[in-house]
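What follows is a set of notes on a single structure, which appears directly below.
Just so you know, these numbers use all the heavy atoms, side chains as well, and skip hydrogens, waters and symmetry mates. Both counts, for ligands and for their atoms, begin at 1 and track the order of listing.
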Amino acid sequence: MSPAQLSALVRDIPGFPTPEVVFKDITPVLADAAALRAAVELIAAPFRSAGVTTVAGIEARGFVLAPPVALELGAGFVPLRKQGKLPYHTRRDEYELEYGTDVLEIHEDAAGPDDRVLLVDDVIATGGTAGAAVRLIRGLGAELVGVAVLIELAFLNGRDSLDDVDLHAVVTYA
Ligand code: AMP
């Protein structure tokens, strides 16, 4: 299945969760066996020879895609979560939203200097969330191999804030 076929399955939900957002609903992709397999393979494809030891996924939809990508790459999985959700010792990063700030956390032993980490999420929009995740992963001393997403909303210019990162998107909306 091609990226264009995957794109055709992504459902636009105008006004969710707030009036100004057009939400990219990936549940039809996840529900279709061929599409789910293609999405996982296409996210992993550029990084097959990158020596990835660890795939990091961002709560919540990153948790759905990152573990099968980790299996594809023969890597482990670690979670990045919103504030107060992780049980062990954490590092935190506070990042800007359009209105206010948000916090992302990672376990302090999730990765280290021997690890080569691929960050996976469903959507990159402004890049604020991925930027915080990148800082947390690098802050643990790990090597960030790249960021892989199913969908890039290119008109929000998230790529610009990740200019020293190898960012790969399966489907890009201009
Ligand atoms: P951002 O920090 O602006 O790049 O937003 C990225 C995070 O918010 C990701 O974890 C996405 O799951 C979610 N997100 C942002 N915008 C959308 C959208 N239009 N549709 C679906 N998810 C979105």
G128 heavy atoms within 4.0 Å reach ligand 1 at atoms 2 (O), 4 (O)

Taking N157 for the side chain and D160 for the main chain, is one N or O donor matched with an acceptor at less than 3.5 Å?
no

When distances are taken from atom 20 (N) of ligand 1, the protein heavy atom at minimum range is K24 N, 2.9 Å

### Message
Counting only nitrogen or oxygen atoms and a 3.5 angstrom limit, does V22 reach ligand 1?
### Response
yes

Exercise for the section: Could you tell me whether G127 and ligand 1 have an N or O pair separated by under 3.5 Å? Expected result: yes

Tightest non-hydrogen contact, residues Y95 and A132, listed as CD2-CB, 3.5 Å

Look only at interatomic distance and state if T129 has a nitrogen or oxygen under 3.5 Å from any nitrogen or oxygen of ligand 1. yes

For L153, the ligand 1 atoms with a heavy-atom partner under 4.0 Å come out as 19 (N)

Short version for D121: what comes under 4.0 Å of ligand 1, heavy atoms counted, is side chain

In short, K82 meets E59 closest at the heavy-atom pair N-OE1, 2.8 Å

A student comparing N157, D12, V123 should find that the heavy atom closest to atom 14 (N) of ligand 1 comes from V123

Of all protein heavy atoms, the one nearest atom 16 (N) of ligand 1 is A125 CB, 3.6 Å

Heavy atoms of Y88 and H107 approach each other most closely as N-NE2, 2.9 Å

Here the pair of heavy atoms bringing I151 nearest to K24 is CD1-CB, 4.0 Å

In this structure, atom 13 (C) of ligand 1 is nearest to the protein heavy atom R61 NH2, 3.8 Å

When every non-hydrogen atom of Y173 is compared with those of F155, the smallest separation belongs to O-CD2, 3.6 Å

Protein heavy atoms: any of them under 4.0 Å from atom 10 (O) of ligand 1? yes

Q: Using a 4.5 Å cut-off on heavy atoms from C-beta on, say whether the side chain of V10 contacts that of V171.
A: no

Closest non-hydrogen contact found for A56 with I137 is CB-CD1, 4.0 Å

Is there a nitrogen or oxygen of T126 sitting under 3.5 Å from a nitrogen or oxygen of ligand 1? yes

